[in-house]
Amino acid sequence: MPLQKKHRLSFEFFPPKTEKGASKLRATRNQLARLSPDFFSVTYGAGGSTRDNTRDVVLEGIRDGYAIAPHLSFGGDTQDSIRSLLDQYAAAKVERIVALRGDLPSGYGDGSRLVHASELVEFIRAHYGSAFHLEVAAYPEIHPEAESYDSDIGFLKQKFEVGADSAITQYFYNADAYARFMESCARAGINKPVYPGVMPITNFENLKRFSANCGAEIPRWLGYRIESYGDDLHARDQFCIEFISELCEKLLAMDAPGLHFYTMNQAASVEAICQRLGVNAS
Ligand code: FAD
């Protein structure tokens, strides 16, 4: 099934650390803008470590005329400093925020200081009313720290009940996980849109490491198949683009309301996948 006008399309970036990274990100953003996404989003480093970088990328993008959604978590910050950041976003006419608990940087303690995303959603609604559309995170393969499948869905429901408008999922490579998750969400009374997060496969070694940490499963057959290409990077990339495009088609056929791509600040794979889904660059 192709991606149609009714589907929401969004692209996620991380804030670069260097001027070289910043100019590469501008080029990526301008290239992906030709696919007419509904918005871009910019991640927020664990524990608030990219607070200024994230803000700068967001505000620059807005000045350049793009719809940009900052990710935000309390990390170790005070309510005052989160409000100061939100004031800047409100003044810049940011319309959407991705509200998260986040993770603490490694070596930062036992995690007991983390503020749940539902509390951040409540905090934003209490101080800013409906100024922002609030996105939250959802986990079709269940968050790695969740006590159970049902409790994780219960906490997602709570995020909606306190004011979230929609959710974006962690990436996954098994379409059935999303289908079952959406059935469970419906049974739990969740009726807000849940947009699948899609991670193109570019650097497989990094992806394996990252997936082990965030609880995203890479199917065994897929790992073997990708590794079987050895040094033939062109053939491997082509296979990965075909695989992810088929995953997206399956998700859209299951009535997913749109797609959110984790771009890793790279345009080529995302662009190739979107083109296979029938999105033409303007
Ligand atoms: P929560 O919703 O607070 O849930 C965290 C865990 O606690 C879950 O196990 C849940 O079941 C449980 N839980 C939830 N509420 C409660 C409660 N009230 N009481 C007890 N337990 C509860 N990380 C970053 O650092 N920066 C980013 O920019 C970033 N962007 C992301 C974007 C998306 C779309 C997604 C899916 C993830 C992103 N992450 C990001 C990762 C995310 O921060 C981690 O997965 C984090 O561990 C959980 O965040 P959360 O918002 O889902 O937390």
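When a ligand or atom number is given, it counts from 1 through the structure's own listing order.
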Within a distance under 4.0 Å of any heavy atom of [X], pick out the atoms of ligand 1 and give their elements.
| X | value |
| --- | --- |
| Q158 | 18 (N) |
| Q170 | 36 (C) |
| I168 | 34 (C), 36 (C) |

Between [X] and ligand 1, does any nitrogen or oxygen pair lie at a separation below 3.5 Å?
| X | result |
| --- | --- |
| S151 | no |
| Y44 | yes |
| G102 | yes |
| H71 | yes |
| Y139 | yes |
| H116 | yes |
| V115 | no |

Do me a favour and list the nearest non-hydrogen protein atom to [atom] with residue, atom name and distance?
| atom | answer |
| --- | --- |
| atom 40 (C) of ligand 1 | L100 CD1, 3.9 Å |
| atom 9 (O) of ligand 1 | H143 ND1, 2.9 Å |
| atom 53 (O) of ligand 1 | R101 CB, 3.1 Å |
| atom 35 (C) of ligand 1 | A137 CB, 3.7 Å |
| atom 34 (C) of ligand 1 | Y262 OH, 3.3 Å |
| atom 17 (C) of ligand 1 | F155 CE2, 3.3 Å |
| atom 10 (C) of ligand 1 | D152 OD1, 3.3 Å |
| atom 46 (C) of ligand 1 | D103 OD1, 3.4 Å |

Under a 3.5 Å threshold, yes or no: a donor from one side chain and an acceptor from the other, between [X] and [Y]?
| X | Y | value |
| --- | --- | --- |
| T43 | H71 | no |
| E135 | S166 | yes |
| E141 | Q170 | no |
| T78 | S81 | yes |
| S211 | Y171 | yes |
| N53 | Y44 | no |

Is the ring centre of F123 less than 6.0 Å from the ring centre of F74?
yes
Decide, yes or no, whether a salt bridge links E122 with K159 under the criterion of side-chain N to carboxylate O below 4.0 Å.
no
Any ion pair linking K208 and E227 (charged N to carboxylate O, less than 4.0 Å)?
yes
Please answer whether the main-chain N or O of P219 pairs with a side-chain N or O of Y224 as donor and acceptor at a distance below 3.5 Å.
no
Do Y89 and R55 have side-chain heavy atoms sitting under 4.5 Å apart?
yes
Region of [X] that comes within reach of ligand 1 [heavy atoms, distance under 4.0 Å]:
| X | result |
| --- | --- |
| T169 | backbone |
| Y171 | neither |
| K159 | side chain |

Can you classify the ring geometry of F11 versus F261 as parallel (below 30°), tilted (30 to 60°) or perpendicular (above 60°)?
tilted
Going from CG on L3 to CZ on R8, what distance comes out if it is rounded to the nearest 0.5 angstrom?
12.0 Å
